[in-house]
Structures are given as C-alpha cells and as structure tokens.
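Everything on this sheet refers to the single structure shown next.
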Amino acid sequence: MQRVEHHASFGGRQEVWRHDSATLGCEMRFGLYLPPQALAGQACPVVYWLSGLTCSEQNFITKAGAQAHAARLGLILVAPDTSPRDPGGTLGVADDAAYDLGQGAGFYLDATQQPWARHYRMESYVVHELPALVESHVATTGRRGIFGHSMGGHGALTLALRHPGRYASVSAFSPIVAPARVPWGRKAFAAYLGEDESRWAAHDATALIAGAAERLPLLVDQGEADEFLAGQLKPELLEEACAAAGHPLTLRRQPGYDHSYYFIASFVADHLEHHARALAA
C-alpha cells in the first residue's frame, strides 16, 4: 500500500491509497477517511461506500460532504473505485466504449464470461480483499456497514443480501434495485454473467429479498426528479419485494431531488446516522 493523498478534514484525515490487487490483477485506489477518534487510537466501525457508473474513489470523498458527519459519529469511511483499471493499457483489462460497461462500470459482481472474468471480480474485492487490507492497516471494531449510489446502491444491497453476517447495516441512494429488469443491468449482466438469465437473479436485490437469511433494515432514498427513475431505478419493485417477504424497508421519496451528488450530500447525514446506530449495537 502507498498513500497518495492526505488532507486534514474535520479533525480527522481524508486519505487516498493505492495498492496492487491480487483479486483484480491491477492497481487499485480507495479513499479512506479516518475520524478524529481513529487518529487518537480508538477502534472504530467501518462504512463502505460504493459509487455509481463512471465514478472513481474521488467522487464520494470530494462531493458528498460525509467527513463532517463521520467525524461526529466516529466512523471510518472507505470508498473504493468502481472497477479494475488499466490506465496504461498494458494489463489487458477489458473495456468498452460505452460508459455503462467495462472500466468504471464493474457492477460489484464477479464476472464469469470472457474477456471480463480475468479482472472483473469486484464482489470478491469489496467483500474480502479490501476489508482485509483496511483492517490490517487501521484499528477497527470489526463491524461493517455498506451503502452506495445508483450502480453502487445495487452493489450495497446485493452484497449485504448475498453475504449475511458480513455487514451490520446497509442503505442506498437511487439504487438499481432490479437490474435484471432494466437496461443498465441487463446489458451488464449479459456481458459479465452470460445470456442465461437464470443466473442473473443471484445479483438482483428484488430477487434476493425473498430468500434473505437475515433481515437487515434497508434505508433507501430516491429523488422524485431523478431522470433515471422510471427507466432504470424502479424503487417500487423493491417496495413490492420487501412487502411480499416481510423485509424491513424505509423507502423515502424526496420531491425535487435528482440523481446527483447534491442529492447525496443532502441526506448523507441520515444514512451515516442509520449506520452508526446499527454499528454501535
């Protein structure tokens, strides 16, 4: 690991680290916010943020305004990149000319199809390699939360549902709740997982809810002025799935808010408080 950025922030420190990922076969970067409690040597819980399409580790740490709330609540924040990267073009990391496939669009799953399967293993990276790296570097309580936005909201929901006991809390902004039924998800799943749609349900939150092994309460915020609401996000499908399964869900529809980080910054305090309550239990 090598630290490539560090900035004092609300009594804590915002850092960016890079490391060679054995899981992804490339160099990766992630944002790490250490609240003042962590800098003083106190073990703190960790909340992982998963960003959306086209984003890197920079979007959340520079736009969400989360550091002030994490400092107040004593939370470590980790924000990884959204896919494997190959900026020099020397590693053979597959890519696509479109913004919604390839680099910047890993969809937080382990690809099974070529040419993606060699590097696109974001589920294993986020769930296993990255926490092991973080927890070997800083003192944590061993308790984790996960949240994200859009594609990252999909990732937060599905990874929490697929790995019971791994996370103590989960939330999402504008998540792709039913990727197997919307264009963004269908395109990515066909490429990464193959054309057999029976395999897609294992990475679709609305399908996973029915068989969830634990009942982590879900907090979801959705802007009603979101340009992707009707075509790509469809929060009503998550609402229906949770109602059918008796799964706890707080779905807040926010009038006037769009898909941007202005929306995230407006409600990120609520989400971090949601995680802090669960992580302190």
Side-chain angles (χ1 to χ4, degrees), residues 48-53 82 100-101 105-112 120 122-123 126-127 145-224 226-254 257 259 263-264 267 271 274-275 278:
Y48 290 83
W49 168 267
L50 305 182
S51 291
L53 290 166
T82 53
D100 54 357
L101 189 68
F107 267 83
Y108 303 103
L109 51 76
D110 288 354
T112 60
Y120 283 75
M122 286 300 293
E123 178 172 6
V126 170
V127 174
I146 190 166
F147 70 148
H149 172 234
S150 194
M151 178 185 70
H154 143 76
L157 295 174
T158 57
L159 296 186
L161 290 164
R162 284 172 55 81
H163 299 276
R166 190 70 175 165
Y167 303 99
S169 57
V170 59
S171 70
F173 291 87
S174 314
I176 307 170
V177 302
R181 290 185 272 178
V182 300
W184 275 339
R186 291 184 62 82
K187 178 179 180 178
F189 283 6
Y192 297 146
L193 302 175
E195 297 291 345
D196 182 356
E197 296 187 18
S198 66
R199 299 178 181 176
W200 298 1
H203 300 278
D204 185 304
T206 60
L208 289 167
I209 285 289
E214 61 183 351
R215 291 289 189 260
L216 287 182
L218 309 181
L219 171 62
V220 174
D221 270 310
Q222 174 62 61
E224 291 189 338
D226 191 318
E227 61 269 39
F228 304 112
L229 177 58
Q232 302 280 13
L233 306 179
K234 299 184 181 294
E236 67 277 3
L237 298 179
L238 180 65
E239 197 168 38
E240 292 167 6
C242 287
H247 196 107
L249 167 68
T250 301
L251 172 59
R252 308 193 306 184
R253 293 175 170 87
Q254 304 290 3
Y257 286 90
H259 201 69
F263 170 50
I264 295 167
F267 299 103
H271 283 246
H274 164 81
H275 289 279

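A quick note: this is a predicted structure, and the numbers were derived from the prediction, not measured. Start at 1 with the first residue, then count along the sequence.
- Between Glu195 and Ala190 the shortest heavy-atom distance is OE2-CB, 3.9 Å.
- When all heavy atoms of Ala245 and Ala210 are compared, the closest pair comes out as CB-CA, 4.1 Å.
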Using the side chain to side chain contact (heavy atoms under 4.5 Å, CB included) rule, take Phe147 and Ile264 through it: C-alpha gap first, then chi angles, then the decisive distance, then the call.
-> CA-CA 11 Å; Phe147 70 148; Ile264 295 167; over 6 Å; no
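- Ring-centre distance between Phe263 and Phe173: below the 6.0 Å cut-off.
- Between Glu239 and Arg253, at least one side-chain N (NZ, or NE/NH1/NH2) sits under 4.0 Å from a carboxylate O, which counts as a salt bridge.
- For Pro164, the side-chain contact (heavy atoms from CB on, under 4.5 Å) partners are Ala213, Glu214, not counting sequence neighbours.
- In this structure, Glu240 CD and Ile209 CD1 are separated by 13.0 Å, a value rounded to the nearest 0.5 Å.
- Minimum interatomic distance between Gln232 and Val182 (heavy atoms only, all atoms of both residues): O-CG2, 3.4 Å.
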Could you go through the side chain to side chain contact (heavy atoms under 4.5 Å, CB included) check for His203 and Leu193 one step at a time?
-> CA-CA 10 Å; His203 300 278; Leu193 302 175; 3.7 Å; yes
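- Side-chain rings of Phe107 and Trp184 stay apart, their centers remaining 6.0 Å or farther from each other.
- Closest heavy-atom contact between Pro235 and Leu229: CD-CD1, 3.5 Å.
- Residues forming a side-chain contact (heavy atoms from CB on, under 4.5 Å) with Thr82 (at least two apart in sequence, or on another chain): Ser51, Cys55, Arg85, Tyr108, Met151.
- Residues Phe267 and Tyr257 place their aromatic rings such that the two centres sit under 6.0 Å apart.
- Looking at every heavy atom in both residues, Ala207 comes nearest to Ala201 through CB-O, 3.6 Å.
- Panel note: side chain Arg162, backbone Ala202; a donor-acceptor pair is recorded below 3.5 Å.
- Leu238 CG to Leu157 CG: the interatomic distance, rounded to the nearest 0.5 Å, is 6.5 Å.
- For the residue pair Ser171 and His274, no side-chain donor N or O sits within less than 3.5 Å of a side-chain acceptor on the partner.
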Pair Glu224-Arg252, salt bridge (Lys or Arg N to Asp or Glu O under 4.0 Å): steps then yes or no | CA-CA 10 Å; Glu224 291 189 338; Arg252 308 193 306 184; over 6 Å; no
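- The shortest side-chain heavy-atom distance between Val177 and Leu233 does not fall under the 4.5 Å cut-off.
- Note: Lys234 NZ to Phe228 CZ = 14.0 Å, rounded to the nearest 0.5 Å.
- His149 places a side-chain N or O within 3.5 Å of a backbone atom of His259 that can act as its donor or acceptor partner.
- Going from atom CG of Leu219 over to atom CG of Leu251 covers 9.0 Å, rounded to the nearest 0.5 Å.
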Trace of the side chain to side chain contact (heavy atoms under 4.5 Å, CB included) decision for Cys242 with Leu218 = CA-CA 9 Å; Cys242 287; Leu218 309 181; 4.0 Å; yes
Can you list the steps and then say if Thr158 with Asp204 is a side chain to side chain contact (heavy atoms under 4.5 Å, CB included)?
-> CA-CA 7 Å; Thr158 57; Asp204 185 304; 5.9 Å; no
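- Taking CD1 from Ile146 and OG from Ser169, the interatomic distance works out to 9.5 Å, rounded to the nearest 0.5 Å.
- Judged by distance alone, with hydrogens and angles left aside, the side-chain atoms of Arg186 form no donor-acceptor pair with the main-chain N or O of Pro179 at under 3.5 Å.
- The structure places CD1 of Ile176 at 12.0 Å from OG1 of Thr206, a figure rounded to the nearest 0.5 Å.
- Each of Asp110, Thr112, Leu101 was evaluated against Tyr192; a single residue qualifies, Leu101, per the side-chain contact (heavy atoms from CB on, under 4.5 Å) test.
- Between Ala156 and Gly148, the closest heavy-atom pair is CB-N, 3.9 Å.
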